[in-house]
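Here is the structure we will look at.
Every chain is numbered from 1 and lettered A, B, ... according to where its sequence line falls, protein lines coming before strand lines.
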There are 2 protein chains.
Amino acid sequence: MFSIGQLSKATGVKVPTIRYYEEIGLLPQPGRNAGNQRRYGQDGMDALGFIKHARDLGFSLEDIKALMGLDGHLGDDCAEADRIARSQLANVRDRIRKLQQLASELERISHLCDGGNGGCCKVLTALGDHSQCAGEHG
Amino acid sequence: MFSIGQLSKATGVKVPTIRYYEEIGLLPQPGRNAGNQRRYGQDGMDALGFIKHARDLGFSLEDIKALMGLDGHLGDDCAEADRIARSQLANVRDRIRKLQQLASELERISHLCDGGNGGCCKVLTALGDHSQCAGEHG
DNA sequence: CTTGATGCTCTAGTGACTAGAGGCCCTACA
DNA sequence: TGTAGGGCCTCTAGTCACTAGAGCATCAAG
């Protein structure tokens with residue numbers, strides 16, 4: 001039996017966050033001891049570990065809820081899990097692409113200030129004028 | 001003189017968002033007509049364009065506030081603008097690196113389901129077990 | 001038995017908006 | 001001049017995924 005603090009330490013999820021997950025129905029309500037404190041078993045630990053890992057991978061709590069509703073013994077559910085994982089991968093790739101465009105424009109803007117001379121503060125001008133951008137972004 | 005709707009159309013920033021920017025002190029309060037409706041000049045248009053572009057580049061409203069406080073005629077402010085831009089670039093590069101790690105792990109997880117056969121639904125197992133991960137993430 | 005850490009509930013705040021209610025105003029057209 | 005519709009106004013509350021704090025109860029160690 002684990003206290004909420006032990007669970008927190010073991011998984012790296014903060015105590016109020018664990019309570020929040022319970023509140024929104026993502027984590028099942030654990031039992032309580034005589035003093036009304038939460039007591040978790042290994043299943044609670046596993047569930048929280050799953051959530052933590054999925055959050056680190058960028059899944060929304062919504063997605064995680066969907067993934068946890070299914071537990072792998074139905075073909076349909078399996079397909080659904082795979083679909084969610086793939087859509088998340090596409091999402092991540094898209095974000096990478098956009099961020100790379102941003103990085104190259106930010107690089108360009110930063111270079112305007114390189115000499116520290118009179119050309120300086122084109123940073124602000126560049127930020128105000130999209131037409132100077134090399135490519136698309138946003 | 002532009003109405004808030006015209007400003008919105010011209011910049012691509014939604015009307016409630018413009019009012020929100022004004023509320024938090026990011027956009028100066030414009031004049032009003034006899035019927036209490038906002039009327040903007042070219043300066044308002046320019047300011048909003050600046051904000052939009054900087055937002056698209058991933059700057060926080062906090063950063064943008066700092067950038068707008070300075071308007072380019074002081075050496076110190078210029079240095080500050082450059083510092084903010086560079087830190088934003090570092091930030092973006094960091095996010096790219098992390099996302100690339102996530103993408104590769106998601107790819108690995110997705111491949112577990114490739115055959116659609118019995119190996120399927122290791123997706124859920126993989127999500128629950130960080131120790132299977134190739135590298136670090138989070 | 002005391003002390004300090006940990007736990008409890010509840011409320012409110014974060015960032016950057018978005019949505020809706022309920023009403024006022026402006027413009028174009030008949 | 002009247003009216004219909006769209007645009008505009010303020011205000012409140014909701015979103016996501018937490019985070020912070022108040023004020024109190026409980027637990028474990030010495």
Using only side-chain N and O atoms of [X], determine if any of them is under 4.0 Å from OP1 or OP2 of [N].
{"X": "B/Y21", "N": "C/dC17", "result": "yes"}
{"X": "A/R38", "N": "C/dT9", "result": "yes"}
{"X": "A/K14", "N": "D/dC18", "result": "no"}
{"X": "A/S60", "N": "D/dC16", "result": "no"}

[X] has an atom [atom1]; how far is it from atom [atom2] of [N], in whole Å?
{"X": "B/E62", "N": "C/dC17", "atom1": "CD", "atom2": "P", "answer": "13 Å"}
{"X": "B/E23", "N": "D/dC8", "atom1": "CD", "atom2": "P", "answer": "18 Å"}
{"X": "B/Y20", "N": "D/dC8", "atom1": "OH", "atom2": "P", "answer": "21 Å"}
{"X": "B/L26", "N": "C/dG15", "atom1": "CG", "atom2": "P", "answer": "13 Å"}
{"X": "B/L7", "N": "D/dG7", "atom1": "CG", "atom2": "P", "answer": "15 Å"}
{"X": "A/F2", "N": "C/dG7", "atom1": "CZ", "atom2": "P", "answer": "14 Å"}
{"X": "B/R39", "N": "C/dC25", "atom1": "CZ", "atom2": "C1'", "answer": "10 Å"}
{"X": "A/M1", "N": "C/dG7", "atom1": "CE", "atom2": "C1'", "answer": "17 Å"}

Distance, nearest 0.5 Å, that separates NE2 of A/H53 from OG1 of A/T11:
13.0 Å
Output the distance between atom CD1 (A/I64) and atom CZ (A/R55), rounded to the nearest 0.5 Å.
6.0 Å
Using a heavy-atom cut-off of 4.0 Å across all strands, would you classify [X] as base, sugar-phosphate, or nothing?
{"X": "B/R32", "result": "sugar-phosphate"}
{"X": "B/R19", "result": "base"}
{"X": "B/I24", "result": "nothing"}

Pick the nucleotide of DNA chain C nearest each of B/N36 and A/G35; which residue has the one closer to the 5' end?
A/G35
Pick the closest DNA chain C nucleotide for A/Q37 and for B/T17 by heavy atoms, then say which residue is nearer the 5' end.
A/Q37
Under 3.5 Å: donor-acceptor pair, side chain of A/K65, backbone of A/G25:
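A pair under 3.5 Å: no.
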Evaluate whether atom CD of B/Q42 has more than 12 neighbouring non-hydrogen atoms of other residues, nucleotides or ligands under 6.0 angstrom away.
yes
Does the side chain of B/R38 reach to within under 4.5 Å of the side chain of B/R19, using non-hydrogen atoms?
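B/R38 reaches B/R19 side chain to side chain.
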